[in-house]
Amino acid sequence: MEMSLYLSDGKDVVGPLDAYEALKYAKGQKLSLENWQICDSSHLWKPLSGELPNLALQALDPGTTRPKTESPAGGDQTKPRRKYESLVDPIDEPAALERLAKIRLMLDSVWEKQRERIIAVVKNRDAADSLKVAGKDLQAVQEQINNLTLEYWRKAGTLLEWVRDLTWGDPDEVGDYYMKLTSTETDKKMEEVRTKLEENELNEQVGCYCFMNGRNYEYIGETTEQTLAVRILTGHKNKDWWDRTDAMRIIIPKNSKNTKRLERLLILAYDPKSNTAEGRKTSAADEVLETISDELNELTKT
């Protein structure tokens with residue numbers, strides 16, 4: 001399948017994308033078939049309208065996600081019996097594909113340098129210094145790719161897929177509770193949270209909790225040593241983010257051993273304002289980031 005497709009309206013260029021991604025981007029952005037063109041490895045720009053049938057034939061649905069690498073599905077926690085409101089996080093697939101294209105461009109640049117270093121060896125020549133990737137350059141590239149990867153995961157909903165893997169419920173119903181607060185005074189907010197936790201039989205549970213302000217996340221934490229009620233209402237009693245909080249979100253893992261993994265994924269997904277730590281780096285996302293690091297190190301060896 002063609003992996004280096006580019007889309008352009010004569011001003012902006014998006015790519016490289018594979019055929020499936022190009023179709024999804026065109027559909028998601030509702031591109032004008034008359035104004036947009038597509039270019040493949042032949043380097044010839046062609047009207048998108050005429051290339052759609054060929055694109056559809058080339059496109060392969062990516063299918064299922066990678067096998068789960070988290071703990072087994074069995075849980076040690078009581079499945080919550082009630083469900084409060086839940087939030088639906090927006091997915092922005094075109095924006096996700098734009099990040100994916102940028103990652104491909106960066107990887108292509110690294111690969112081109114390695115390719116030309118190999119060619120220099122074939123020619124019995126020393127590789128030019130410009131083809132070598134210094135430690136600081138590799139670190140900068142890796143940081144940029146990691147940031148783009150996080151942006152892609154947030155836009156595509158990948159982090160939320162991993163969250164669902166760890167929580168109770170069917171794909172459309174996880175152990176996820178969104179509690180809108182009506183009070184404006186901190187003491188009354190805390191009492192309101194206490195009542196809602198009891199109503200939903202969450203006060204004695206362990207899991208992750210999110211202090212929210214609108215759609216923004218103020219603070220995300222987890223508790224396994226204390227119950228949710230004790231941790232939220234006593235452990236965070238005097239925290240300044242209570243003033244800004246107008247909603248709470250509670251997410252229950254089906255296995256308490258996955259609580260820190262769940263917290264880490266939530267922090268990556270929502271980038272809370274008041275968290276000073278990134279959580280324990282043991283999630284599925286961290287395994288992917290480690291793989292990227294290993295591959296980049298291998299690709300830049302001289």
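Each residue takes its place number in the sequence, starting with 1.
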**Report entry** Greater than 12 external heavy atoms within 6.0 Å of E278's CD
**Finding:** no

Query raised in the report: Atom CD1 in I292, atom OG1 in T149: separation rounded to 0.5 Å?
Result: 4.0 Å

Query raised in the report: Between the main-chain N or O of E93 and the side-chain N or O of K24, is there a donor-acceptor pair closer than 3.5 Å?
Result: no

Requested in this report: Please answer: with hydrophobic residues joined when any side-chain heavy atoms are less than 4.5 Å apart, are L31 and Y6 in the same cluster?
Outcome: no

**Report entry** Donor-acceptor under 3.5 Å (R261 side chain, T282 main chain)
**Finding:** yes

**Report entry** Heavy-atom side-chain contact between E198 and R194 under 4.5 Å
**Finding:** yes

Query raised in the report: Does D92 reach the main-chain N or O of K155 with its side chain, forming a donor-acceptor pair under 3.5 Å?
Result: no

Query raised in the report: What heavy-atom pair brings E192 and S183 nearest, and what distance separates the two atoms?
Result: OE1-OG, 2.8 Å

Requested in this report: Flag the pair T227 / T223 as yes when at least one side-chain heavy-atom distance between them is below 4.5 Å, and no otherwise.
Outcome: no

Report task. Kindly indicate whether the side chain of L233, heavy atoms from C-beta on, has any atom under 4.5 Å from the side chain of V193. Result -> yes

Query raised in the report: If you round to the nearest 0.5 Å, how far is CD1 of I145 from CE of M106?
Result: 5.0 Å

Query - Heavy-atom closest pair, residues E151 and R99 - result: OE1-NE, 2.9 Å

Report task. State whether the number of non-hydrogen atoms from other residues, nucleotides or ligands found under 6.0 Å of E116 atom CD is greater than 12. Result -> yes

Query raised in the report: So which heavy atom on L23 is nearest to which on A56, and how close?
Result: CD1-CA, 3.7 Å

Report task. Run the numbers on K46 and D40 for side chain to side chain contact (heavy atoms under 4.5 Å, CB included), then give the verdict. Result -> CA-CA 9 Å; K46 304 172 185 178; D40 58 20; 4.2 Å; yes

Query - Heavy-atom donor-acceptor pair, S8 side chain to G10 backbone, under 3.5 Å - result: yes

Report task. Indicate the atoms forming the closest heavy-atom contact of L105 with G15, along with that distance. Result -> CD1-O, 3.6 Å

Report task. Please examine the side chains of Q114 and V133, heavy atoms only from C-beta on, and report whether any two atoms are closer than 4.5 Å. Result -> no

Report task. Would you confirm whether D240, through its side chain, and D243, through its main-chain N or O, come within 3.5 Å as a donor-acceptor pair? Result -> no

**Report entry** Sub-4.5 Å side-chain heavy-atom contact between L197 and I250
**Finding:** yes

**Report entry** Euclidean distance, I251 CD1 relative to Y177 OH, rounded to 0.5 Å
**Finding:** 11.0 Å

Query - ring pair (Phe, Tyr, Trp, His ring centres under 6.0 Å) contacts touching residues 24-55 (sequence neighbours left out) - result: none

Query - Pairs satisfying salt bridge (charged side-chain N to carboxylate O under 4.0 Å, His left out), at least one member in residues 222-232, at least two apart - result: E222-K260

Query raised in the report: Taking the side chain as C-beta and beyond, is there a heavy-atom pair between M248 and I232 under 4.5 Å?
Result: yes

Query - Pair listing, side chain to side chain donor-acceptor pair (under 3.5 Å) test, anchored in residues 134-147, at least two apart - result: Q142-S293

Query raised in the report: Under 3.5 Å, is there a donor-acceptor pair between the side chain of T291 and the main chain of E287?
Result: yes

Report task. Run the numbers on E21 and R104 for side chain to side chain contact (heavy atoms under 4.5 Å, CB included), then give the verdict. Result -> CA-CA 13 Å; E21 294 161 359; R104 276 206 180 96; 2.7 Å; yes

Query - For A22 against L7, the heavy-atom pair lying closest together - result: O-CD1, 4.0 Å

Query raised in the report: If two hydrophobic side chains count as joined below 4.5 Å and joins carry through other members, does V14 share a cluster with L33?
Result: yes

Query raised in the report: Can you name the nearest heavy-atom pair linking T259 to P253, along with the distance?
Result: OG1-CG, 3.5 Å

Query raised in the report: Got a second to check how far Q29's CD is from L97's CG, nearest 0.5 Å?
Result: 9.0 Å

**Report entry** Qualifying side chain to side chain donor-acceptor pair (under 3.5 Å) pairs with a residue from residues 210-219, counting only residues at least two apart or across chains
**Finding:** Y217-R249, E218-R244

**Report entry** Straight-line distance of W153 CH2 to L148 CG, nearest 0.5 Å
**Finding:** 12.0 Å

Query raised in the report: Can L100 be reached from L55 by stepping across I, L, V, M, F, W or Y side chains whose heavy atoms are under 4.5 Å apart?
Result: yes

Report summary line: From the list R280, K281, R264, side-chain hydrogen bond (donor to acceptor under 3.5 Å, both in side chains) with D286 holds only for R264

Query raised in the report: Is it true that L299 and I103 fall in one hydrophobic cluster, defined by side-chain heavy atoms closer than 4.5 Å?
Result: yes

**Report entry** Spacing of C208 atom SG and L262 atom CG [to the nearest 0.5 Å]
**Finding:** 4.0 Å

Query - Test item: L166 and N255 side chains (from C-beta on) under 4.5 Å apart, heavy atoms - result: no

Requested in this report: Verify the neighbour count for atom NZ of K102: are there more than 12 heavy atoms of other residues, nucleotides or ligands below 6.0 Å?
Outcome: no

Requested in this report: Using the side chain to side chain contact (heavy atoms under 4.5 Å, CB included) rule, take T167 and D176 through it: C-alpha gap first, then chi angles, then the decisive distance, then the call.
Outcome: CA-CA 8 Å; T167 51; D176 189 342; over 6 Å; no

Query raised in the report: Hey, does the side chain of E51 reach the backbone of I38 with a donor-acceptor pair shorter than 3.5 angstrom?
Result: no

Query - Cluster overlap L268 with I91, hydrophobic side-chain contacts below 4.5 Å - result: no

**Report entry** Non-neighbouring partners of S49 that pass side-chain hydrogen bond (donor to acceptor under 3.5 Å, both in side chains), sequence neighbours left out
**Finding:** none

Query raised in the report: Which pairs count as ring pair (Phe, Tyr, Trp, His ring centres under 6.0 Å) when at least one residue sits in residues 191-214, sequence neighbours excluded?
Result: Y209-H236, F211-H236, F211-W241, F211-W242

Query - Residue pair W162 / L159, side-chain heavy-atom distance below 4.5 Å - result: yes

